[in-house]
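Data block below; observations after.
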Amino acid sequence: MKKLLLTMGAAFLLAAGAQAQTSYGLKAGVNLGKYSNLGSDQSNNVSFHVTGFADIPVASQFSIQPGVSLQGKGTKFTGSLDNSSAEYTRNVMSLEVPVNAVYYIPAGAGNVFLGAGPYVGFNISGKDKLKGDLAGYTGETEWDLEFSGDNKDMNLIDAGVNFLGGYKFNNGLLINAGYGLGLSNLNPGDGDKVNSRTLSFGLGFQF
């Protein structure tokens, strides 16, 4: 974690020294979330993301993009046994601070862009939901997740690495995709290490 914070701090200092014109952007879209080490019978949990960012040029075709992002994550399981079936869903909302290095490649009416960088996230809310027929229970129930205390359901910190790519039109319109590779263990117990895995697609605009 210390190395990750130092890397992000160095990126901010580099960006602060840039002389070129800074632009700003907003992007939003769909998230498809899963977790590592929870088995192959997971399906994608559909959520959303909203991200505001600054684009700070530091060299020709190269920028640093610090930002603030609201990220929906989680997972979903569906199972059946002896004429009964149930669906379990975990929805988590995380507030993230990413710092991405982005390279632009002129192409057609705009630029292809590719980027990567670290992020630090804080799980600010979450809910588990169980729906179906399971062990004599039929119906739907849900409960809030705890991220602190002795009986917490998930660790608070979700840090990792972002990968992103897309196309920026000359008018500022963005088409983008990304992948969040969580490196922090979210499991508060003694079991297997659990990390977030989030695939995203979206649109945006850079001013």
[X] vs [Y] side-chain heavy atoms within contact, under 4.5 Å:
X	Y	answer
V120	E96	no
N100	Y119	no
M154	F147	yes
F48	M93	yes

Under 3.5 Å, side chain of [X] to main-chain N/O of [Y], donor-acceptor pair present?
X	Y	result
S36	N195	yes
N155	I157	no
N111	K168	no

Name all residues meeting the salt bridge (Lys or Arg N to Asp or Glu O under 4.0 Å) criterion together with D144; count only those two or more places apart in sequence or in a different chain, and write none if there are none. K127
Could you grab the distance from atom [atom1] of [X] to atom [atom2] of [Y], nearest 0.5 Å is fine?
X	Y	atom1	atom2	result
L164	F53	CG	CZ	9.5 Å
T22	I56	OG1	CD1	4.5 Å
K34	S43	NZ	OG	7.0 Å
Q61	I105	CD	CD1	8.0 Å
S200	N162	OG	CG	8.0 Å

D153 and R90 ion-paired at < 4.0 Å: no
Report yes or no: do N31 and Q71 form a side-chain donor-acceptor pair below 3.5 Å? yes
Under 3.5 Å, is there a donor-acceptor pair between the D158 and S94 side chains? no
Evaluation steps, side chain to side chain contact (heavy atoms under 4.5 Å, CB included), between N91 and K129: CA-CA 8 Å; N91 289 289; K129 180 182 292 186; 5.7 Å; no
Yes or no on side chain to side chain contact (heavy atoms under 4.5 Å, CB included) for F205 and L174, after CA distance, side-chain angles and deciding distance? CA-CA 5 Å; F205 194 83; L174 302 172; 5.9 Å; no
So ring pair (Phe, Tyr, Trp, His ring centres under 6.0 Å) across residues 93-117, not counting sequence neighbours, yields none
Check the pair F77, L38 against side chain to side chain contact (heavy atoms under 4.5 Å, CB included), reporting the backbone distance first and the verdict last. CA-CA 10 Å; F77 290 89; L38 292 186; 3.9 Å; yes
Quick one: ring pair (Phe, Tyr, Trp, His ring centres under 6.0 Å) partners of F169, sequence neighbours excluded? Y167
